[in-house]
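Below, read A as the first sequence line, B as the second, and so on, with proteins coming before strands; counting in each chain starts at 1.
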Amino acid sequence: MLIPSPQDFSFDQTVKSHGWRALLPFTWSEDAQSLEYIYAHSSGTVCIIKMSTPEGVLSVDCEIEDEEVLGAVRQMLQMDILLDDFYAYCEQHQKLASIPPLKQGRLLVSPSIFEDVVRVICTTNTTWAQTTSMVARIVDAYGSPHPTNPERKAFPTAQQIAADTLEGFSTKAKLGYRNASVYKIASDISAGILNLEELRTNDFPATDLYKRLLTLPGVGPYAASCLMIYLGRYDRVNVDSWARTLVGKELGRTVTDKEAHAFFEEYVEWKALVYHFYPWAAR
DNA sequence: TTCCAGGGGTAGA
DNA sequence: TCTACCCATGGA
């Protein structure tokens, strides 16, 4: 089915906005320019959602094509994010002028906040290669298999992880010291103590949302800032080693986290989007 | 062997 | 608030 897209939507820019397309159950084909996601439908069926833009229009191919799948696609590609204010801001700043014509500003995210929380924790203090391995082990060990391609599995629910013991999870997922954090979050969701999805629907002030995210085990300033971006809040930069490198090149010296934050201070509520899509000389 | 990667938690100042 | 230190893991 063909999906009507906002005027300022770019499938290519969204998919390539950061590394999520390389983490299961996403798979990206550079040759076909198509993104696949193994989706656990509420009916219990696991299906493969294939997204591409063969004629410049977003096309979705799935065994199940209903409102739920369409909603998941719109969610993953952030199609309902409004960028008008951000683009107006960019047009007032010469350095950011390239962003609106390129239709940048949307990031690839997961259908559930739990999934993005687990992914982000798996990016902390490790290499990208190890992040992909960690996420792959979680999906392989606990995800529901596709009925006809059982080697392809959906991202597990919190309940599927919590059904195992911490020892079992640690042995299978091998997240190092992150095991306890991810298992605790999954267990709390499964027990009904924690509801991450309410962070999406409730209209929290940004500072409250940030504080709520920081209460999650394994989630610190970097991870919380990442998750805020996925929730459409851009007033905190997820300063990581890459941010320090880029700002360092821009300033011609090595910089601390504090200096990296200071570099983006002028971009008010758009700091994180500016970091992601700033026309860095190195790119 | 040592270092470190898209940091987090804690203790102590 | 800031700094120092440890934290599993696996590749370089």
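Checked against the 6.0 Å centroid criterion, the rings of W270(A) and F277(A) do not qualify as a close aromatic pair. Not less than 6.0 angstrom separates the ring centroid of H93(A) from the ring centroid of Y278(A).
Put simply, the side chain of N149(A) never gets that close to the backbone of H146(A): no donor and acceptor are under 3.5 Å apart. A donor-acceptor distance shorter than 3.5 angstrom exists from the side chain of S17(A) to the backbone of L108(A), with no hydrogens or angles considered. Put simply, the side chain of S225(A) gets close to the backbone of P221(A): a donor and an acceptor are under 3.5 Å apart. Between the side chain of T131(A) and the main chain of T127(A), a donor-acceptor pair closer than 3.5 Å is present. For Y275(A) (side chain) and A243(A) (main-chain N/O), a donor-acceptor pair under 3.5 Å exists by modelled atom type.
As rounded to the nearest Å, dG6(B) and dC2(C) have P atoms that lie 25 Å from one another. Annotation: dA11(B) and dA8(C) have their P atoms spaced 16 Å apart (nearest Å). Taking atom P on both dC7(C) and dT2(B), the two are 16 Å apart, rounded to the nearest angstrom.
Using a 4.0 Å heavy-atom cutoff across all strands shown, T127(A) reaches at least one base atom of the nucleic acid. Among the protein residues, A223(A) comes within range of the sugar-phosphate backbone only, with heavy atoms under 4.0 Å from sugar or phosphate atoms but none that close to a base. No contact: L214(A) has no heavy atom under 4.0 Å from any strand.
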Might you list the N or O atoms of the protein lying below 3.5 Å from N or O atoms in nucleotides 7-9 of chain C, with each pair's distance?
| from | atom 1 | to | atom 2 | distance (Å) |
| --- | --- | --- | --- | --- |
| dA8(C) | O4' | Y177(A) | N | 3.2 |
| dT9(C) | O2 | Q130(A) | OE1 | 3.3 |
| dT9(C) | O2 | Q130(A) | NE2 | 3.1 |

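Mapping C226(A) and V219(A) onto DNA chain B by nearest heavy atom places C226(A) at the nucleotide closer to the 5' end.
For DNA chain B, the contact window with chain A, defined by any atom under 4.0 Å from a protein heavy atom, covers dA5(B) to dG9(B) in 5' to 3' order.
In this structure, CG on L77(A) lies 7.0 Å from CG on L35(A), to the nearest 0.5 angstrom.
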